[in-house]
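Naming convention: chains lettered A, B, ... in sequence-line order (proteins, then strands); numbering from 1 in each chain.
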Amino acid sequence: MNSLVQTPKTSARAAESTPHSLHPKVVAKDVNVYYGDKHALHDVTIDIPEKAVMAFIGPSGCGKSTFLRCINRMNDTISIARVTGDILIDDQHIYDPKLDVVQLRARVGMVFQKPNPFPKSIFENVAYGPRIHGLARSKTDLEEIVTASLQRAGLWNEVKDRLNEAGTGLSGGQQQRLCIARAIAVSPEVILMDEPCSALDPIATARVEELIDELRQNFTIIIVTHSMQQAARVSQNTAFFHLGILVETGPTDQIFTTPRDKRTQDYITGRFG
Amino acid sequence: MSEHIVSRFDEELKDLARRIAEMGGLAERQVDHAMTALTRLDTTLARSVIDDDRRLDLLQHEAEEMAILTIARRQPMAMDLREIVGAIRISNDLERVGDLAKNIAKRVIALEGQFQSPKLLRGVEHIAELSLAQLKNVLDAYATRDLEQATEVRDRDGEVDAMYTSLFRELLTYMMEDPRNIGFCAHLLFCAKNIERIGDHATNIAETVHYVVTGELQLDERVKQDASSTTTVAFEG
């Protein structure tokens, strides 16, 4: 009985997961970033697979956050920043002048290091995005989106009885999951996370990591982290940046056991900072 | 390799490596002494081999504990992780080598007063020399992280196996020639098997050296040349 039920299920899953991990969702070609005269990022070329977690690691100032911010054009907000090269999401150039940046940021959500809920109710924090992007046709629609997003972010059971209380009144870990709920409420395709757990305690961190692992079924996730252990735990692929150069990228298992480049080896084994 | 930012981590790794080096030296000596005890039927030396095995067990225990603590404290990655995993594996192999030397020493005591012609011992001496050389070479390969030397050791294990198979035939023949040889030769056969197993542990260590250096596990099966389990000698008497 068991085997009759389970066998087709597993084979279907295997067939489904293989092409996902091979297909690149985000493709970067020769990306350079300058802050005024400073050349911050040199010729970054990388494929980021769909529905998988990609971790960016490297010492402070190595360019990993700079590159992350190119993917939703956050660097546009810095007047002296200049980006050259190509970044494509599903074969569409995101630096195309005709592209609507607001639309892009709905497709590419972002979660920051410090949880930053709006000074509004828990419900409003999540409802804001779908409302301004016109994703809900009715109040019921909106309520459904909010509920589903909070459920997917693993926060629903903790907040369902106090949706009208301020989001800022939650604990740090809950606030971060609220920000993740807010990010997924607009059904993005890619979620960027810039050190999402560095302000959280180990238990809240574990909850967020568990959530990341669930979210990769539906989203392409790119996470910048200073914790090598976190990169090893949550990601399928890892990219190592150093001094503005993408040194090495590959399957996480390989990067953390047999890195090819000496700089990667030195960094992950704690030989330079 | 440059040093870690946390210098205590380097010290921990060095301590662990020292422990393994000490185990290696001790294991080699134990095998050497066990063989000398056998060829001279020296029960005093055999007893000291049996006693000294405790030291090897203790070192293995300590090495394992140090390795576990270092993993818990430092969350080692890449070559550091391989280094520590390698140390755990090698300490297990060396501890087993010590047990095998002890088994040989125990048989020396059992053989007391049953002296037989020295020709019966010659084959066992031969295989012991080869196994001991394998052990020595692989420990050198580990100390210097010499991939080539480790590969040589791995490739030569077939010789030990082949020698064991021919020794098996030889000892069976002696037993058939003269039933008074049976007791002595039966013990020698077990000694020979123990020595052949020491060669296997040397091969395991060679594979671990390969893993530590390259990060690749050697999966291709070696050709086993120990055919003793299917060997028969026809009785011609």
Side-chain angles (χ1 to χ4, degrees), chain A residues 53-62 64 195 197-198 200-203 205-206 209 223-243 246-273, chain B residues 1-18 20 66-90 141-142 144-148 150-151 154 204 206-220:
Chain A
V53 181
M54 165 70 88
F56 289 171
I57 60 168
S60 295
C62 68
K64 57 190 189 299
E195 294 184 52
C197 299
S198 59
L200 305 184
D201 72 25
I203 293 169
T205 299
E209 287 180 5
I223 178 170
V224 163
T225 175
H226 272 141
S227 160
M228 244 104 53
Q229 280 71 33
Q230 179 168 66
R233 286 191 299 262
V234 304
S235 70
Q236 287 73 53
N237 295 288
T238 297
F240 170 63
F241 290 80
H242 182 51
L243 301 174
L246 172 61
V247 173
E248 183 169 352
T249 174
T252 299
D253 295 349
Q254 179 247 312
I255 296 277
F256 287 107
T257 55
T258 47
R260 286 183 297 265
D261 195 283
K262 185 173 181 303
R263 289 165 290 181
T264 317
Q265 166 107 293
D266 282 352
Y267 180 69
I268 65 170
T269 58
R271 284 180 166 84
F272 69 76
Chain B
M1 198 76 220
S2 53
E3 306 216 311
H4 287 94
I5 298 163
V6 178
S7 56
R8 190 72 198 96
F9 188 4
D10 283 319
E11 284 162 37
E12 286 173 15
L13 289 177
K14 274 181 205 148
D15 279 352
L16 184 59
R18 259 199 297 276
I20 302 297
M66 285 169 77
I68 291 168
L69 278 176
T70 305
I71 292 173
R73 265 199 292 256
R74 314 288 171 198
Q75 289 101 50
M77 294 280 192
M79 62 167 295
D80 295 333
L81 182 59
R82 303 203 302 266
E83 200 68 48
I84 292 169
V85 170
I88 295 174
R89 282 200 202 150
I90 291 173
Y142 175 63
T144 55
R145 302 291 186 271
D146 186 336
L147 205 55
E148 213 173 299
T151 310
R154 189 174 187 263
N204 284 352
E207 289 176 357
T208 301
V209 171
H210 186 273
Y211 172 70
V212 169
V213 175
T214 65
E216 290 158 19
L217 294 166
Q218 289 181 302
L219 292 173
D220 52 320

With rounding to the nearest 0.5 angstrom, report the [atom1] to [atom2] distance, [X] to [Y].
X      : Y      : atom1 : atom2 : value
A:I268 : B:Q75  : CD1   : CD    : 13.5 Å
A:T257 : B:E216 : OG1   : CD    : 10.5 Å
B:M77  : A:R271 : CE    : CZ    : 13.0 Å

With a 4.5 Å heavy-atom cut-off (strictly below), which parts of residues 80-90 of chain B touch chain A? List them by number.
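B:D80, B:R82, listed by number.
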
At their closest point, which heavy atom of A:T258 faces which heavy atom of B:G215, and how far apart are they?
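Heavy atoms only, the tightest pair is CG2-CA, 3.2 Å.
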
A:D201: partners by salt bridge (Lys or Arg N to Asp or Glu O under 4.0 Å), with sequence neighbours left out:
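For A:D201, no residue satisfies salt bridge (Lys or Arg N to Asp or Glu O under 4.0 Å) once neighbours in sequence are set aside.
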
